[in-house]
Amino acid sequence: MKFIIALAFLAVAIAAPQGDKKPIEIISSNSEMNADGSYSFPSPEEQQDNPKLAKMKFIIALAFLAVAIAAPQGDKKPIEIISSNSEMNADGSYSFDFESADGTKVQESGNQKQVGPKPEDIGTVSKGSYSFTTPDGVVLTVNWVADENGFQATGDHLPTPPPMPEHVVKMLADLKAAGLLFGSEHQNKIHI
């Protein structure tokens with residue numbers, strides 16, 4: 001690895017200007033400015049005739065190659081699956097679970113449910129959990145439900161919102177009592 005980095009520095013050093021620090025005189029330029037304000041530059045064939053330009057391109061390509069070789073190659077091996085179960089039923093219900101060698105566990109089950117007032121308002125409601133081990137060795141578990149009320153996750157490590165202020169609780173109760181606030185069957189929309 002150190003050799004590759006040294007090679008990259010060497011390539012950059014070789015590409016650096018050599019010799020005395022006199023200003024460079026432009027003897028001729030092949031670029032032209034057209035009447036409409038556009039520019040034209042030498043073609044790639046004309047540029048290949050310049051050996052210094054070819055050397056510089058080679059050295060820059062060599063530097064990029066050295067940097068690419070020095071990049072971490074990711075020697076991680078795939079994680080083995082210890083167990084895996086899956087079940088799909090004709091009525092739309094399902095379940096699956098798996099456990100991997102690194103301690104990750106996933107479990108999910110679900111079924112079809114009418115989630116709205118119309119017969120065609122059918123959706124999948126699911127519940128499950130997953131757990132994994134953090135780099136510092138702590139096992140974290142998330143239990144969740146996904147239904148007509150949305151996705152709700154719980155876990156000891158997840159933040160919880162602070163309780164609602166009393167004035168908000170009172171306002172919501174007053175709106176519900178007045179018939180202006182609907183329950184979850186109407187997606188908690190305020191009707192005004």
Trainee: Could you note down all residue pairs passing ring-ring contact (aromatic ring centres under 6.0 Å, His included) where residues 90-142 supplies at least one of them, sequence neighbours left out?
Mentor: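 Those involving residues 90-142 do not exist here.
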Trainee: Which pairs count as salt bridge (Lys or Arg N to Asp or Glu O under 4.0 Å) when at least one residue sits in residues 124-137, sequence neighbours excluded?
Mentor: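 For residues 124-137, and leaving out neighbouring residues, there are no salt bridge (Lys or Arg N to Asp or Glu O under 4.0 Å) pairs at all.
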Trainee: In the single-linkage hydrophobic clustering (I, L, V, M, F, W, Y; side-chain heavy atoms under 4.5 Å), do Leu140 and Ile79 co-cluster?
Mentor: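 Per the 4.5 Å side-chain linkage, Leu140 and Ile79 are not co-clustered.
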Trainee: Could you pull out all residues at least two apart from Ser109 that satisfy side-chain hydrogen bond (donor to acceptor under 3.5 Å, both in side chains)?
Mentor: none
Trainee: Quick one about Asn85 and Glu87 (side-chain donor to acceptor, distance below 3.5 Å, no hydrogens or angles considered), yes or no?
Mentor: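 On atom types as modelled, these side chains do not qualify, holding no pair under 3.5 Å.
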Trainee: Sequence neighbours excluded, which residues qualify as side-chain contact (heavy atoms from CB on, under 4.5 Å) partners of Ala153?
Mentor: Val142, Trp144, Phe151, Leu158
Trainee: Could you name each residue pair satisfying salt bridge (Lys or Arg N to Asp or Glu O under 4.0 Å) that touches residues 100-110, not counting sequence neighbours?
Mentor: none
Trainee: Name each donor-acceptor pair under 3.5 Å that joins a side chain in residues 165-175 to protein atoms two or more places apart or in another chain, with its distance.
Mentor:
unit_1, atom_1, unit_2, atom_2, d
Lys170, NZ, Asp174, OD2, 2.9

Trainee: Checking Ile82 now: which residues fulfil side-chain contact (heavy atoms from CB on, under 4.5 Å) with it, not counting sequence neighbours?
Mentor: Ala101
Trainee: Show every donor-acceptor pair shorter than 3.5 Å between a side-chain atom in residues 118-125 and any protein atom, with sequence neighbours excluded, or say none if there are none.
Mentor:
unit_1, atom_1, unit_2, atom_2, d
Asp121, OD2, Lys118, N, 3.2
Thr124, OG1, Gln112, NE2, 2.8

Trainee: Restricting to side-chain hydrogen bond (donor to acceptor under 3.5 Å, both in side chains), what partner residues turn up for Gln152, sequence neighbours left out?
Mentor: Asp147
Trainee: Considering residues at least two apart in sequence or located in another chain, which fulfil the side-chain contact (heavy atoms from CB on, under 4.5 Å) criterion with Ser83?
Mentor: Glu99
Trainee: Please name all residues satisfying side-chain contact (heavy atoms from CB on, under 4.5 Å) with Thr141, sequence neighbours left out, ordered by chain then number.
Mentor: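 Testing Thr141 for side-chain contact (heavy atoms from CB on, under 4.5 Å), a comparison that skips the adjacent residues, returns Ser131, Val139, Asn143.
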